[in-house]
Amino acid sequence: MDEFSFIQSIQQSYYRQPTLRKGVGDDAAIIRPSGEDIVVAKDMLVEHVHFIKSTMKPYHIGYKALAANLSDIAAMGATPAYYLVAISISNDWSNEELAEIYNGMKSLADRYKVDLIGGDTVSGTELVISITVIGYANRNISRLRSAAKEGDVVFVTGTLGDSQAGLHILQNAGTYKEEEYFKRRHQLPSPRVEFSLGLQANK
């Protein structure tokens, strides 16, 4: 599939965010902010470093790549709105697998009403996915790690180590308790967007 056909295949038929003026299909996207703070997060997944085919299906790879960025946006107390995807593709990946990677992203994007507004595709020696997520936060209430100080109480959501346990199970055959649960925690992580926005509402 050529690049333009691929872009057409992943382009959304409509956009949900009212601040968007121009999305996929031009040299750049155009966003008209509505007076809120703009929060931007970027993360990268590299084949053989962050994932391998034996432990992650293409759908899981796309899902996890976007989830990592949504988690960063949530940690800042922001609402995710848009994402851009730059992807380097090796000859080891088929068009069908590539489509599944984007389906993984889309399933999570649909859940949080996040719009795909651009990106880039190139050929490479391995699969590399770089995602940028843009969100909004009410002015001056973003949560910053740099504001933490000695004596603060730190809370976590979920259970620490679930993903690592899932990776261990996927890489080491055997019999484990709650095996499917831990595999899901590694392959389909849950960004805490709702929890973060709930804290915002109760502030």
Side-chain angles (χ1 to χ4, degrees), residues 1-16 20 22-29 41-73 80-134 162-174 176 179-191:
M1 185 185 300
D2 65 76
E3 183 176 359
F4 293 106
S5 298
F6 175 70
I7 291 170
Q8 191 171 21
S9 74
I10 63 170
Q11 188 170 356
Q12 294 180 200
S13 57
Y14 68 94
Y15 294 101
R16 291 163 288 224
L20 185 69
K22 179 62 182 176
V24 175
D26 218 303
D27 292 322
K42 184 178 184 64
D43 208 349
M44 183 180 292
L45 263 66
V46 180
E47 187 177 6
H48 305 304
V49 176
H50 300 107
F51 64 87
I52 54 177
K53 276 189 171 184
S54 62
T55 62
M56 301 280 283
K57 294 180 180 178
Y59 179 94
H60 298 146
I61 294 167
Y63 189 103
K64 191 166 187 173
L66 183 56
N69 286 273
L70 293 179
S71 291
D72 288 342
I73 291 290
Y82 306 108
Y83 70 111
L84 301 95
V85 181
I87 186 167
S88 170
I89 310 157
S90 72
N91 292 330
D92 297 332
W93 295 81
S94 67
N95 287 336
E96 291 74 21
E97 288 174 319
L98 189 58
E100 274 303 292
I101 289 172
Y102 275 85
N103 283 338
M105 295 182 210
K106 184 178 183 302
S107 66
L108 201 55
D110 287 346
R111 176 176 176 182
Y112 296 110
K113 298 180 173 58
V114 183
D115 288 326
L116 175 63
I117 61 170
D120 195 17
T121 58
V122 297
S123 297
T125 58
E126 58 194 354
L127 183 69
V128 179
I129 304 172
S130 178
I131 297 182
T132 301
V133 173
I134 301 168
D162 281 356
S163 178
Q164 182 62 38
L167 178 60
H168 175 84
I169 291 169
L170 286 162
Q171 292 180 325
N172 298 274
Y176 300 91
E179 180 174 330
E180 291 306 314
Y181 166 80
F182 288 112
K183 287 180 181 179
R184 285 196 306 274
R185 296 298 298 134
H186 178 70
Q187 295 171 332
L188 301 169
S190 304

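Along the sequence shown, residues carry numbers from 1.
The OG1 atom of T125 sits 9.0 Å away from the CD atom of E47 when rounded to the nearest 0.5 Å. A distance of 8.5 Å separates CG in L188 from CZ in R184, rounded to the nearest 0.5 Å. The line from OH of Y83 to CD1 of I73 is 14.0 Å long, rounded to the nearest 0.5 Å. Q187 CD to K64 NZ: the interatomic distance, rounded to the nearest 0.5 Å, is 8.5 Å. Taken to the nearest 0.5 Å, the CD1 atom of I61 stands 3.5 Å off from the CH2 atom of W93. Interatomic distance, F51 CZ to I129 CD1, rounded to the nearest 0.5 Å: 5.0 Å.
Looking only at distances, no side-chain donor or acceptor of D120 sits under 3.5 Å from a matching main-chain atom of A86. Remark: the backbone N or O of V46 is paired with a side-chain donor or acceptor of H50 at under 3.5 angstrom. In terms of modelled atom types and a separation under 3.5 Å, the side chain of Y176 and the main chain of F182 share no donor-acceptor contact.
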Checklist line | Worked verdict on T132 versus N69 for side-chain contact (heavy atoms from CB on, under 4.5 Å) | finding: CA-CA 7 Å; T132 301; N69 286 273; 5.9 Å; no
Next item on the list: Starting from the C-alpha separation in whole Å, work towards a yes-or-no answer on side-chain contact (heavy atoms from CB on, under 4.5 Å) for I87 and L98.
Entry: CA-CA 10 Å; I87 186 167; L98 189 58; 3.5 Å; yes
Check: V85 and L116: side-chain contact (heavy atoms from CB on, under 4.5 Å), yes or no, with the steps?
Finding: CA-CA 8 Å; V85 181; L116 175 63; 3.9 Å; yes
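Among all heavy-atom pairs drawn from S107 and G104, the shortest one is OG-O, 2.8 Å. G62 approaches M105 most closely through the heavy-atom pair O-CG, 3.2 Å.
Partners of K113 by salt bridge (charged side-chain N to carboxylate O under 4.0 Å, His left out), not counting sequence neighbours: none found. Judged as a salt bridge (charged side-chain N to carboxylate O under 4.0 Å, His left out), and not counting sequence neighbours, the contacts of D110 are R16, K106. Under the side chain to side chain donor-acceptor pair (under 3.5 Å) criterion, S90 pairs with no residue, sequence neighbours left out. Applying the side-chain contact (heavy atoms from CB on, under 4.5 Å) rule to K57 yields the partners H60; only residues at least two apart in sequence or on another chain are considered. For E179, the side chain to side chain donor-acceptor pair (under 3.5 Å) test picks out K183, with sequence neighbours left out. Taking T55 as the reference, I52, L167, L170, Q171 meet the side-chain contact (heavy atoms from CB on, under 4.5 Å) condition, with sequence neighbours excluded.
With a 6.0 Å radius and a threshold of 12 heavy atoms from other residues, nucleotides or ligands, N172 has its CG atom above the threshold.
Of the listed residues (I134, V114, D115), just one forms a side chain to side chain contact (heavy atoms under 4.5 Å, CB included) with P80, and that residue is V114.
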